[in-house]
Amino acid sequence: MEASGFNYKNLVCWILGFWFLVISFFNFLLVHPVPGLFYLFFSLLFFPFITRLIFRTLHIQIPFYVQLFLALVVMWGTLAVTDLADIAGL
């Protein structure tokens, strides 16, 4: 497990975590609560303090490249095939 100091992986994880947190907020308000809750729980996987908590309690570490892959797949799905993309006009 990495030290909790600042590095580019932490920065990327914080940005992705807040991005999916915002998406969850908009999904919850504009589309439906179920995808909003999905994005809320999904966003928690990106915050460094939550990943450290998961590692300490469950001894499971999600590699950074897996987090990036999941983020790209979910972001593609969000922008390509969801109701939120239709509302935003994408």
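Each residue takes its place number in the sequence, starting with 1. The structure presented is a predicted model; accordingly, all values stated were derived computationally and were not measured.
- Leu70 CG to Met75 CE: the interatomic distance, rounded to the nearest 0.5 Å, is 11.0 Å.
- When side chains are defined from C-beta on, Val74 counts as touching Tyr39, because their heavy atoms get closer than 4.5 Å.
- In this structure Leu68 satisfies the side chain to side chain contact (heavy atoms under 4.5 Å, CB included) test together with Val12, Leu16, Phe64, sequence neighbours excluded.
- Between Phe46 and Gln67, the shortest heavy-atom distance links the atoms CE2-O, 3.4 Å.
- Judged as a side chain to side chain contact (heavy atoms under 4.5 Å, CB included), and not counting sequence neighbours, the contacts of Val22 are Phe26.
- Shortest non-hydrogen contact noted between Gly17 and Ser43 is O-CB, 3.5 Å.
- Counting all heavy atoms, side chain and backbone alike, Ile54 lies closest to Leu45 at CD1-CD2, 4.1 Å.
- With sequence neighbours left out, the ring pair (Phe, Tyr, Trp, His ring centres under 6.0 Å) criterion links Phe25 to no other residue.
- The CH2 atom of Trp19 sits 12.0 Å away from the OG atom of Ser24 when rounded to the nearest 0.5 Å.
- There is a path of hydrophobic side-chain contacts, each under 4.5 Å, that joins Ile23 to Leu44.
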task: With side chain to side chain contact (heavy atoms under 4.5 Å, CB included) as the test, would you mind laying out the steps for Leu21 and Leu40 before giving the verdict?
output: CA-CA 6 Å; Leu21 195 63; Leu40 175 68; 3.5 Å; yes
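- Remark: Leu72 pairs with no residue by the side chain to side chain contact (heavy atoms under 4.5 Å, CB included) rule, at least two apart or across chains.
- The other members of the hydrophobic cluster of Val73, by chain and number, are Phe69 (side-chain heavy atoms under 4.5 Å, ILVMFWY only).
- Among residues two or more places apart in sequence or in another chain, the ring pair (Phe, Tyr, Trp, His ring centres under 6.0 Å) test is passed with Phe38 by Phe42.
- You'll find the side chain of Leu37 stays beyond 4.5 Å of the side chain of Val34, heavy atoms only.
- In this structure, Ile15 CD1 and Tyr8 OH are separated by 13.5 Å, a value rounded to the nearest 0.5 Å.
- For Phe47, the ring pair (Phe, Tyr, Trp, His ring centres under 6.0 Å) partners are Trp14, Phe18, Phe49, not counting sequence neighbours.
- Smallest separation of non-hydrogen atoms from Ile62 and Val66: CG2-CG1, 4.1 Å.
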